[in-house]
Amino acid sequence: MTHPIVPQIIQLATPVAEKLELEVVNVVFHTNQRPPVLRVDIRNPHQDTGLDDCERMSRALEASLDAAEIIPDAYVLEVSSPGISRELITDREFIAFKGFPVIVWTSPPHDGQEQWIGQLIRRDETKVYLNQKGRSIEIPRTVVTKVQFDEHT
């Protein structure tokens, strides 16, 4: 379950990232740790996301968070790149990673399967398209719960 403060943090972090020519990919606030950990995943759409990108975002976001006083108690800010093992979410990612091996999870099962593995062809408004050994598979987006890179191929 998403922490109730996450939408405010995304709203604050997005323009900070845009000024640095970065994108916010994911935000998670781990309150079960002491001190709590605010993790912000970023991506550089122009090149591989590097340590420099994370450091620039961390400094800029920390100043904005302190000024906004959204989080009243002590916390740890972690800014990182989600890496290749992550979930595909944005239209831009589905375009950029065309041809990459992915796993698509569905619920309820689509054609009797909950997991589909293949090369990503594309995603449109209604379906996710995979190439499975030369055969095109069309999976309705209404049943897709997650699409992520297949690290095992």
Side-chain angles (χ1 to χ4, degrees), residues 1-107 114-131 139-153:
M1 187 169 144
T2 302
H3 190 278
I5 205 168
V6 167
Q8 287 177 271
I9 294 169
I10 292 171
Q11 192 173 15
L12 183 78
T14 299
V16 171
E18 287 171 355
K19 283 181 190 164
L20 301 172
E21 296 187 23
L22 301 169
E23 295 174 347
V24 173
V25 176
N26 193 30
V27 174
V28 180
F29 193 38
H30 298 282
T31 55
N32 60 334
Q33 299 175 8
R34 293 287 170 248
V37 175
L38 174 61
R39 181 185 166 117
V40 179
D41 289 339
I42 60 163
R43 185 173 85 85
N44 185 329
H46 310 292
Q47 63 189 32
D48 287 343
T49 307
L51 187 57
D52 176 58
D53 294 319
C54 296
E55 288 173 3
R56 291 184 307 125
M57 180 66 179
S58 181
R59 280 193 297 273
L61 182 57
E62 188 173 32
S64 294
L65 285 167
D66 288 349
E69 297 181 346
I70 296 173
I71 306 171
D73 299 319
Y75 66 96
V76 174
L77 174 63
E78 286 182 1
V79 176
S80 62
S81 168
I84 199 157
S85 65
R86 68 179 177 82
E87 189 174 348
L88 298 178
I89 298 168
T90 66
D91 288 337
R92 178 182 282 165
E93 290 170 332
F94 277 86
I95 293 166
F97 296 108
K98 175 184 174 184
F100 278 70
V102 295
I103 304 171
V104 177
W105 281 270
T106 61
S107 182
E114 291 181 355
Q115 215 179 67
W116 295 82
I117 299 172
Q119 266 63 45
L120 178 64
I121 297 173
R122 72 179 189 281
R123 175 179 81 169
D124 63 22
E125 292 78 30
T126 60
K127 295 181 180 146
V128 173
Y129 300 85
L130 295 182
N131 177 344
I139 305 169
R141 282 183 67 171
T142 54
V143 300
V144 172
T145 58
K146 183 163 88 168
V147 179
Q148 103 179 30
F149 290 106
D150 181 3
E151 300 172 344
H152 307 293
T153 54

Salt bridge (charged side-chain N to carboxylate O under 4.0 Å, His left out) involving [X] - partner list, sequence neighbours excluded:
X: Arg122; answer: none
X: Lys19; answer: none
X: Asp73; answer: none
X: Asp91; answer: Arg123

Qualifying salt bridge (charged side-chain N to carboxylate O under 4.0 Å, His left out) pairs, either residue in [range], two or more places apart:
range: residues 47-58; answer: Asp52-Arg56, Asp53-Arg56
range: residues 26-40; answer: Arg39-Asp41
range: residues 22-33; answer: Glu23-Arg43, Glu23-Arg92

Shortest non-hydrogen contact between [X] and [Y], atoms and distance:
X: Lys127; Y: Pro140; result: CG-CA, 4.2 Å
X: Met57; Y: Val24; result: CE-CG2, 4.2 Å
X: Ser80; Y: Cys54; result: CA-SG, 3.7 Å
X: Thr14; Y: Ile10; result: OG1-O, 2.7 Å
X: Pro35; Y: Ala74; result: CB-O, 3.9 Å
X: Val16; Y: Leu12; result: CG2-O, 3.4 Å

According to side-chain contact (heavy atoms from CB on, under 4.5 Å), who are the partners of [X], at least two apart in sequence or on a separate chain?
X: Leu88; result: Glu93, Phe94, Phe97, Val102, Leu120, Val147, Phe149
X: Val28; result: Asn26, His30
X: Leu77; result: Leu38, Val40, Ser58, Leu61, Glu62, Leu65, Tyr75, Val79
X: Thr145; result: Trp105, Ser107

Review point. Roughly how far apart are Asp124 CG and Arg141 CZ, rounded to 0.5 Å?
Key: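 That separation rounds to 7.5 Å.
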Exercise for review: Starting at CD1 of Ile70, measure out to CD1 of Ile5 and round the result to the nearest 0.5 Å.
Suggested key: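 Nearest 0.5 Å value for the CD1-CD1 distance: 6.0 Å.
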Review point. Is the number of heavy atoms from other residues, nucleotides or ligands under 6.0 Å of Gln115 CD greater than 12?
Key: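 Above 12, so yes.
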Point to revise | Audit row: Asn44, Glu21, side chain to side chain contact (heavy atoms under 4.5 Å, CB included) steps and yes/no | key: CA-CA 7 Å; Asn44 185 329; Glu21 296 187 23; 5.9 Å; no
**Study point:** Residues which pass side-chain hydrogen bond (donor to acceptor under 3.5 Å, both in side chains) with Thr142, listed by chain and number, not counting sequence neighbours
**Key:**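 Once residues adjacent in sequence are excluded, Thr142 has no partner under the side-chain hydrogen bond (donor to acceptor under 3.5 Å, both in side chains) criterion.
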Check your understanding: Does any non-hydrogen side-chain atom of Pro101 lie less than 4.5 Å from one of Ile117?
Key ->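 No, too far: nothing below the 4.5 Å cut-off.
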Point to revise | Intermediate values then yes/no, side chain to side chain contact (heavy atoms under 4.5 Å, CB included), Ile9 and Ile71 | key: CA-CA 9 Å; Ile9 294 169; Ile71 306 171; 4.1 Å; yes
